[in-house]
J.: 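Encoded as C-alpha cells, here's the structure I'll be asking about.
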Amino acid sequence: MKNIVITGGAGFIGSHVVRLFVNKYPEYNIINLDKLTYAGNLANLKDIEDKPNYKFVRMDICDFDAFYQLMQDEKIDGIIHLAAESHVDRSIKDPFTFARTNVMGTLSLLQAAKLYWESLPEKYEGKRFYHISTDEVYGALEMTDPDGIEPPFTTKASSGKHHLAYGKDFFYETTKYNPHSPYSASKASSDHFVRAFHDTYGMPTIVTNCSNNYGPYQFPEKLIPLFINNIRHRKPLPVYGKGENVRDWLYVVDHARAIDTIFHNGKVAETYNIGGFNEWKNIDIIKTVIATVDRLLGRPEGADLDLITYVTDRLGHDARYAIDSTKLQKELGWEPSLQFEEGIEKTVKWYLDNEEWLDNVTSGDYQSYYENMYKGR
Ligand code: NAD
Ligand code: TYD
C-alpha cells in the first residue's frame, strides 16, 4: 500500500494517526480528508503540514462523487476511517447529524472504494478499508461485587495479567452489540455496514473498537480537556450524576500505535478490541486532574476541589465500559506504552503549555485557521 486516505485526520485521534504515519512512512502518500467541522482543527497538524508526503483535502465523507473521484485521482490503496461525530452529549441533542455522518458517510466511503477497487485488474489485492470504532457499541457493563469485595478489585485478564476492575465482565470481540446512545447506535450501524461489505463483496475490511482516549489535541467538550480548561479558569466542573460511572482510558498515542500495527498486520475481516485495562471512576479521574493542574500551576493542594459540581445525570448514561484487549496483545504484540499516572501528567502539562491552542478552540478562532492558511493556494 502506498496511497492512503485518513479520514477525520484534523480531529483528536486522527491527528495523532496522521502524524505517526507521515513521520514513520515517508514512502507513503498520506491524504488527510476532513470536512473541518467544529471538531476539526488543522492547527493540530502544524508540525507536519509541510512534509512532502502529506496532503490535506477538505471534503465531506457523505460526498460520494467527490470521494469516488479522489479514489481514482490518487489511486488509493488504503483507507483508515476515523471521521465521525463523536460526542455523546451532542448525539442526544441532534441524532440526525450522527446518522448522516457516521452511517451514511461510512456507507458512502465503502461504496466508492468498492467501485474503484473492483474496477482495477488486481481488484482488492493489497487494499484495505480500516474502520475505527468504539467500545460503546457493546453497551454498558455492570459493576459487580464478586464475593462481597468492594470494587475496584484485582482481576486477571484472559492475557494472564492482573489489573484493577470494577466488575467481573468485560467487552470481548465476541460481545453482542447493544448500543444505548444515538452516538453508539450510529457507530454500531456503521460497523455493521463495514462487515457487510466484507461478507457481501469480499472487501478487505478491519474494524477496531477502542476505549476512551485522552491526551493532547482533544476538543474541550470531552471530560478531561473540558475539566482542565475549567480548572484553569476556576469555572465549575459539571459532574454527571454521582460521578460513579466507570470508563477504561487509553493514551491517544497508544491508540495511534495500535492503529498502525493493525493496519499493517491485522487480519482481514477481523475485529480487534483496543484498551489499556485501565478502569477509573469519573470522580477519581476528576480528583486526579484537579490535583495535577493545581500542582503544575503552583496552587495549594486541594485548592480547586470546590469546583466539583454535581449536575443532573446524562440521559441513558452507561455505567461501565471495560475492554479486554487480550487478542490484540497476544496476536499482534501491541501493548500500551504509558501508565495512566504518566499519561495524565503528560496530558495536563500539554494543555497548560498550550494555552493558546485551548483559547483558540474555546473561542472558535481556529475555524479561520484553514481559510487563512489556504488563502491564495
Ligand atoms: P473528533 O470529534 O475529535 O474528530 C472527528 C473528525 O472528523 C474532525 O476532524 C471532524 O472535522 C471530522 N468530520 C466530522 N464529520 C465529518 C464529515 N462529514 N466528513 C469529513 N470529516 C468529518 O473525534 P475523535 O475523538 O478523534 O474520534 C475519531 C474516531 O475514533 C471516531 O470515529 C470515534 O468514533 C472513534 N473513537 C473515539 C474515541 C475517543 O475516546 N475519542 C474512542 C474510541 C473510538
Ligand atoms: P466523555 O468524555 O463525554 O466520553 P464518553 O461519554 O464517550 O465516555 O465522558 C466521559 C465520562 O465523563 C462519562 O461518564 C460522562 C462524564 N462527564 C461528566 O461527568 N461531565 C462532563 O461535563 C462530561 C463532558 C462528561
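In listed order, ligands and their atoms are each counted from 1.
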J.: Just by distance, no angles: are the side chains of H162 and T154 close enough, under 3.5 Å, to form a donor-acceptor pair?
T.: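 Per modelled atom types, H162 and T154 side chains form no pair under 3.5 Å.
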
J.: Does a sphere of radius 6.0 Å around CD in E27 hold more than 12 heavy atoms from other residues, nucleotides or ligands, not counting ones at 6.0 Å or beyond?
T.: yes

J.: Just by distance, with hydrogens left out, do Y68 and Q111 show a side-chain donor and acceptor under 3.5 Å apart?
T.: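 Side chains of Y68 and Q111: no pair found under 3.5 Å.
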
J.: Among I286, V239, D318, N282, which one puts a heavy atom closest to atom 16 (C) of ligand 2?
T.: N282

J.: By number and element, which atoms of ligand 1 are closer than 4.0 Å to a non-hydrogen atom of L36?
T.: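 Near L36, the atoms of ligand 1 are 11 (O).
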
J.: Taking distance alone, with N or O pairs closer than 3.5 Å, would you say I61 contacts ligand 1?
T.: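 Yes: some nitrogen or oxygen of I61 is under 3.5 Å from one in ligand 1.
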
J.: Note the single closest protein heavy atom to atom 22 (O) of ligand 2, along with its residue, its atom name and the distance in Å.
T.: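 Atom 22 (O) of ligand 2 sits closest to the protein heavy atom P238 O, 3.3 Å.
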
J.: Mark up the atoms of ligand 1 that fall under 4.0 Å of a heavy atom belonging to S211, in ascending order.
T.: 42 (C), 43 (C)

J.: With no hydrogens and no angle check, do the side chains of R90 and Y38 hold a donor and an acceptor under 3.5 Å apart?
T.: yes

J.: Decide whether S86 and K187 meet the rule of one side-chain donor and one side-chain acceptor closer than 3.5 Å.
T.: no

J.: Determine whether the side chains of S184 and S181 contain a donor N or O and an acceptor N or O closer than 3.5 Å.
T.: yes

J.: Compare S86, S133, G40, G11 and give the one whose heavy atom is closest to atom 23 (O) of ligand 1.
T.: S86

J.: Within the 3.5 Å criterion, strictly below it, is a donor on Y54 or E49 matched to an acceptor on the partner's side chain?
T.: no

J.: Do N23 and K51 have side-chain N/O donor and acceptor atoms under 3.5 Å apart?
T.: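 Yes - a donor-acceptor pair under 3.5 Å links their side chains.
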
J.: Can you pull out the closest protein heavy atom to atom 4 (O) of ligand 2? Residue, atom name and distance to 0.1 Å, please.
T.: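 Ranking protein heavy atoms by distance from atom 4 (O) of ligand 2, first comes N212 ND2, 3.4 Å.
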
J.: Could you name the option among E244, R314, K242, H87 that has the heavy atom nearest to atom 9 (O) of ligand 2?
T.: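 Closest candidate by heavy-atom distance is R314.
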
J.: Please state which part of T101 comes within less than 4.0 Å of ligand 1, counting heavy atoms only: side chain, backbone, both or neither.
T.: side chain

J.: Could you say whether the N/O atoms of L82 and ligand 1 ever approach to under 3.5 Å?
T.: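 There is such a contact, yes.
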
J.: Which bit of Y183 is near ligand 2, meaning a heavy atom under 4.0 Å away: side chain, backbone, both or neither?
T.: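 Contact part for Y183 vs ligand 2: neither.
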
J.: List every atom of ligand 1 that sits less than 4.0 Å from any heavy atom of I132, numbering the atoms from 1 in the order shown and giving each element.
T.: 30 (O), 32 (O)

J.: Determine, considering heavy atoms only, which of A84, A10, S108, S190 sits nearest to atom 5 (C) of ligand 1.
T.: A84

J.: Do E118 and Y124 have a side chain donor and acceptor closer than 3.5 Å?
T.: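 Yes, Y124 and E118 have a side-chain donor paired with an acceptor closer than 3.5 Å.
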
J.: Measuring from atom 35 (C) of ligand 1, which candidate in F12, Y217, Y183, Y214 has the nearest non-hydrogen atom?
T.: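 Answer by nearest heavy atom: Y183.
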
J.: Pick out which of D191, T271, N209 makes a side-chain hydrogen bond (donor to acceptor under 3.5 Å, both in side chains) with H131.
T.: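 The side-chain hydrogen bond (donor to acceptor under 3.5 Å, both in side chains) with H131 is passed solely by D191 among D191, T271, N209.
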
J.: Only heavy atoms of V88, strictly under 4.0 Å: list the atoms of ligand 2 that pass.
T.: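 The atoms of ligand 2 under 4.0 Å from a heavy atom of V88 are 6 (O), 7 (O).
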
J.: Just need the protein heavy atom nearest to atom 24 (C) of ligand 2, so name the residue and atom and give the distance.
T.: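 Here the closest protein heavy atom is E221 O, 3.2 Å.
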
J.: For atom 10 (C) of ligand 2, find the nearest protein heavy atom and state the residue, atom name and distance (0.1 Å precision).
T.: L223 CB, 3.9 Å

J.: Quick one: nearest non-hydrogen protein atom to atom 25 (C) of ligand 2, plus distance?
T.: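 Looking only at protein heavy atoms, the one closest to atom 25 (C) of ligand 2 is Y240 CE1, 3.6 Å.
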
J.: May I ask you to check whether W249 and N213 show a side-chain donor-acceptor distance below 3.5 Å?
T.: no

J.: Which option, H317, E136, Q218, owns the non-hydrogen atom nearest atom 7 (O) of ligand 2?
T.: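 Of the listed residues, E136 has the closest heavy atom.
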
J.: So is R247 actually on top of Y321's ring, under 6.0 Å and inside 45° of the axis?
T.: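 Yes, R247 lies over the aromatic ring of Y321.
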
J.: If hydrogens are left out, which of N212, V252, D34 has an atom nearest to atom 12 (C) of ligand 1, that is, the closest non-hydrogen atom?
T.: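 Going through N212, V252, D34 one by one, D34 has the nearest heavy atom to atom 12 (C) of ligand 1.
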
J.: Under 4.0 Å from any heavy atom of L226, which atoms of ligand 2 are there?
T.: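 In order of number, 22 (O).
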
J.: Do H163 and N278 meet the criterion of a side-chain donor-acceptor pair at a distance under 3.5 Å?
T.: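 On atom types as modelled, these side chains do not qualify, holding no pair under 3.5 Å.
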
J.: Note the single closest protein heavy atom to atom 40 (O) of ligand 1, along with its residue, its atom name and the distance in Å.
T.: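 Sorting protein heavy atoms by distance from atom 40 (O) of ligand 1 puts N213 N, 2.8 Å first.
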
J.: Please identify which atoms of ligand 1 are closer than 4.0 Å to at least one heavy atom of K35.
T.: 16 (C), 17 (C), 18 (N), 19 (N), 20 (C), 21 (N), 22 (C)

J.: Looking at atom 43 (C) of ligand 1, what's its closest protein heavy atom, distance included?
T.: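 Result for atom 43 (C) of ligand 1: C210 O, 3.3 Å.
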
J.: Quick test: of every protein heavy atom, which one is nearest to atom 37 (C) of ligand 1, and how far off is it to 0.1 Å?
T.: I13 CD1, 3.3 Å

J.: Find out whether the Lys NZ or Arg CZ of R232 is both under 6.0 angstrom from the six-membered ring centre of F227 and within 45° of the ring's axis.
T.: no

J.: Below a 4.0 angstrom heavy-atom separation, can you tell me which part of K187, side chain or backbone, both or neither, approaches ligand 1?
T.: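 Within the 4.0 Å criterion, K187 contacts ligand 1 through side-chain atoms alone.
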
J.: Go through ligand 1 atom by atom and flag the ones less than 4.0 Å from a non-hydrogen atom of D60.
T.: 17 (C), 18 (N), 19 (N)

J.: State, to 0.1 Å, how close D63 and S108 come at their nearest heavy-atom pair, and which atoms those are.
T.: C-OG, 4.2 Å

J.: Within less than 4.0 angstrom of ligand 1, does M59 place any heavy atom?
T.: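 Yes; M59 lies near enough to ligand 1 that a heavy-atom distance drops under 4.0 Å.
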
J.: Any donor-acceptor pair under 3.5 Å linking the side-chain atoms of D135 with those of S211?
T.: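 Result is no, nothing qualifies.
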
